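The structure appears right after this line, and notes come after that.
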Amino acid sequence: MDGTSTLELYAPPAQEGPPMSDEPDNPDNPFKGTPFEAMFQQFSGAAGTGGAPDLNAIFAQVQQLLSGSTDGKPVNWDLAKDIARKTVATAGDRSMTSADGDRVADAVRLAEHWLDEATTLPEVSATSAAWSRAEWVENTLPVWQTVVDPVAEHVAGAMGNALPAEAQQFAGPMAGMLRQLGGSVFGAQVGQGLGELASEVVSSSDIGLPLGPTGQAILLPDNVAKFAEGLGLSDEDVRLYLALREVAHQRLYAGVPWLRQHLLAAVADYAAGIEVDTGKIERAMADIDPQNPEAMQEALAGGLFEPEDSEQQKAALVRLETTLALVEGWVDDVVREATRDRMPSAIQLSETVRRRRAAGGPAEQTFATLVGLQLRPRRLRDAANLWAAVRDARGVDGRDNLWSHPDLMPSTSDLDDPIGFAQHAGELSNIDITDFLTDEDKPTDSTSDDDGDNPAK
């Protein structure tokens with residue numbers, strides 16, 4: 001994640017010629033050989049004696065960079081929201097009208113009707129809404145906090161652990177202030193990323209994660225219109241197709257209670273293995289002028305943090321990538337069945353969605369910027385083929401029953417052999433899933449998957 005390095009963003013540029021202190025090499029610098037050496041030297045000797053750091057100067061410099069309070073959290077979310085809203089306003093936004101809401105509601109009602117024949121997961125979209133871009137920022141922040149905070153927390157710890165013991169002792173009095181500064185840096189970057197993303201997403205589920213409120217189908221009319229540009233299709237067809245995808249996501253996340261936490265746990269596992277590339281930070285510190293906001297912004301955009309490819313991170317990334325592909329692939333298959341013989345333009349719209357992802361769409365860019373995860377959407381098509389193969393072999397109910405428990409889900413290797421998995425899925429779909437569950441996890445009567453209540457079985 002780019003914003004993870006804190007001090008380095010504001011460290012002074014490397015000095016050419018004689019060092020700033022009176023001595024050719026300051027032996028008292030506890031940060032010597034670390035990415036923070038340049039920062040120490042900036043203030044070393046400022047008092048004019050012995051190369052000792054002028055803490056008053058350091059505090060004054062850093063205080064100017066602090067913006068609000070992080071309330072003990074690793075990210076300044078107040079700053080993030082402020083920057084995101086300003087980014088949206090600069091790009092252009094408008095308030096939604098009653099007509100916008102009515103058009104979305106009509107599309108959602110029809111989408112729910114069509115999906116009743118394409119999936120056994122029940123309708124959950126009791127309400128719908130048309131969001132502006134600013135409303136998307138405001139309403140999705142709680143989920144983004146859950147996604148980003150673990151990464152920021154681990155990066156902050158990794159940065160501290162990168163210092164030698166003597167440097168950690170020296171930095172002790174500044175620890176609270178530096179954490180606040182780090183939270184502001186994170187907040188600035190997250191806000192910029194979310195503001196840009198708000199101009200692209202077409203719904204609350206466009207990136208695969210459940211960002212909106214449960215049971216409410218959301219579309220962003222202005223972004224839907226932007227999505228439709230150049231397709232040569234009617235506004236009604238585009239709106240209905242995207243409503244179908246949104247409603248399908250809503251049904252899946254509401255009908256599969258373990259799915260949301262499974263995805264967030266994969267992000268947290270990835271964060272737990274984060275290590276800091278101190279060499280890159282040191283190079284950035286030497287090149288960035290702390291008085292040049294544009295240079296800092298370029299550093300943020302270019303990325304000062306690149307996690308090491310630890311085995312733990314690789315495993316978490318594969319798990320997250322596979323699960324998101326399965327979510328999107330299932331949605332593809334459900335929507336394909338719902339639109340069959342009803343919407344000829346659905347084929348073109350499906351390919352447009354896939355190309356958008358393959359070219360580095362909202363999901364990939366957002367995770368790369370905010371979480372440091374490089375998602376590879378190529379598995380989306382593989383996942384869609386797998387779900388289609390299961391449906392052909394076992395029917396709609398056999399396909400949807402596999403979501404009953406994570407142990408029944410296809411693995412990464414299964415995506416390479418969808419026909420083989422479909423044959424094996426016949427055995428899996430006949431398992432009584434309640435054998436896996438504790439009393440707390442067993443569904444209530446309202447969510448029961450009792451075969452006797454389902455005429456499709």
Side-chain angles (χ1 to χ4, degrees), residues 1 3 73-96 100-101 104 108 124-125 127-152 186-224 226-227 242-243 245-250 252-254 259-264 266-268 320 324 327-328 331 356-357 361-373 375:
M1 171 166 177
K73 297 179 180 179
V75 177
N76 186 335
W77 286 102
D78 289 337
L79 178 62
K81 181 168 69 173
D82 182 59
I83 290 178
R85 290 182 67 96
K86 289 179 179 177
T87 302
V88 165
T90 300
D93 196 22
R94 67 178 179 90
S95 299
M96 294 293 100
D100 291 316
V104 170
V108 167
V124 295
S125 299
T127 61
S128 62
W131 279 357
S132 67
R133 292 160 179 169
E135 286 174 320
W136 181 89
V137 169
E138 189 82 26
N139 293 322
T140 63
L141 272 180
V143 178
W144 286 117
Q145 285 184 257
T146 305
V147 172
V148 176
D149 275 348
V151 180
F186 269 103
Q189 185 176 359
V190 170
Q192 182 70 28
L194 293 182
E196 294 175 355
L197 186 62
S199 297
E200 300 178 9
V201 292
V202 298
S203 67
S204 69
S205 61
D206 195 17
I207 70 166
L209 289 177
L211 297 176
T214 301
Q216 186 176 37
I218 308 295
L219 291 181
L220 282 71
D222 288 351
N223 291 350
V224 171
K226 181 179 176 181
F227 175 93
L242 296 177
R245 293 187 60 85
E246 168 72 357
V247 169
H249 278 102
Q250 289 284 345
L252 182 61
Y253 277 105
L259 181 55
R260 178 190 296 257
Q261 186 55 42
H262 182 79
L263 286 169
L264 296 180
V267 175
L320 177 61
L324 284 176
V327 168
E328 295 301 291
V331 168
R356 185 170 175 244
R357 285 290 178 86
E364 185 180 16
Q365 294 172 0
T366 299
F367 276 94
T369 301
L370 304 184
V371 188
L373 298 176
L375 298 182

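These numbers were taken from a predicted model, which means no experiment stands behind them.
- In this structure, CH2 on Trp131 lies 4.5 Å from CD1 on Ile218, to the nearest 0.5 angstrom.
- Checked by atom type and distance alone, the side chain of Asn223 pairs as donor or acceptor with a backbone atom of Ala198 at under 3.5 Å.
- Residues passing the side-chain contact (heavy atoms from CB on, under 4.5 Å) test with Glu196 are Thr87, Gln192, sequence neighbours excluded.
- The main-chain N or O of Gly187 is never found under 3.5 Å from a side-chain atom of Asn76 such that the two would form a donor-acceptor pair.
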**Request:** Start with the C-alpha distance between Thr214 and Val124, add both sets of side-chain angles, then the distance that settles side chain to side chain contact (heavy atoms under 4.5 Å, CB included), and finish with yes or no.
**Result:** CA-CA 8 Å; Thr214 301; Val124 295; 6.0 Å; no
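- For Leu252, the side-chain contact (heavy atoms from CB on, under 4.5 Å) partners are Leu121, Val256, Leu259, Val327, Trp330, Trp403, not counting sequence neighbours.
- Residue Ala84 comes nearest to Leu194 through the heavy atom pair CB-CB, 4.2 Å, listed as atom of the first residue, atom of the second, then distance.
- With values rounded to the nearest 0.5 angstrom, Phe227 atom CZ is found 11.5 Å from Leu219 atom CG.
- When all heavy atoms of Gln216 and Pro213 are compared, the pair lying nearest together is OE1-CG, 3.0 Å.
- To the nearest 0.5 Å, atom CD of residue Gln250 and atom CZ of residue Arg245 are 13.5 Å apart.
- Using a 4.0 Å cut-off between charged side-chain N and carboxylate O, Arg85 and Glu138 make a salt bridge.
- One distance of note links CZ of Arg133 with CE of Met96; it measures 8.5 Å at 0.5 Å rounding.
- Residues Val104 and Ala129 share a closest heavy-atom pair of CG1-O, 3.6 Å.
- Every residue meeting the side-chain hydrogen bond (donor to acceptor under 3.5 Å, both in side chains) condition with Glu135, not counting sequence neighbours, appears here in chain and number order: Ser132.
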**Asked** Stepwise, does the salt bridge (Lys or Arg N to Asp or Glu O under 4.0 Å) test hold for Arg356 with Glu200?
**Response** CA-CA 11 Å; Arg356 185 170 175 244; Glu200 300 178 9; 5.6 Å; no
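- Scanning for side-chain contact (heavy atoms from CB on, under 4.5 Å) contacts around Ser205 gives Ser203, Glu246, His249, with sequence neighbours left out.
- Partners of Leu211 by side-chain contact (heavy atoms from CB on, under 4.5 Å), not counting sequence neighbours, listed by chain and number: Trp136, Thr140, Val143, Trp144, Ile207, Leu209.
- Checking side-chain atoms of Asp82 against main-chain N and O of Asp78 turns up no donor-acceptor pair under 3.5 Å.
- Remark: Arg94 pairs with Asp100, Asp222 by the salt bridge (Lys or Arg N to Asp or Glu O under 4.0 Å) rule, at least two apart or across chains.
- Checking side-chain atoms of Asp93 against main-chain N and O of Val88 turns up no donor-acceptor pair under 3.5 Å.
- Atom CD1 of residue Ile83 and atom CD of residue Gln189 lie 10.5 Å apart, to the nearest 0.5 angstrom.
- Leu220 is not listed as a side-chain neighbour of Val202, based on a closest heavy-atom distance of 4.5 Å or more.
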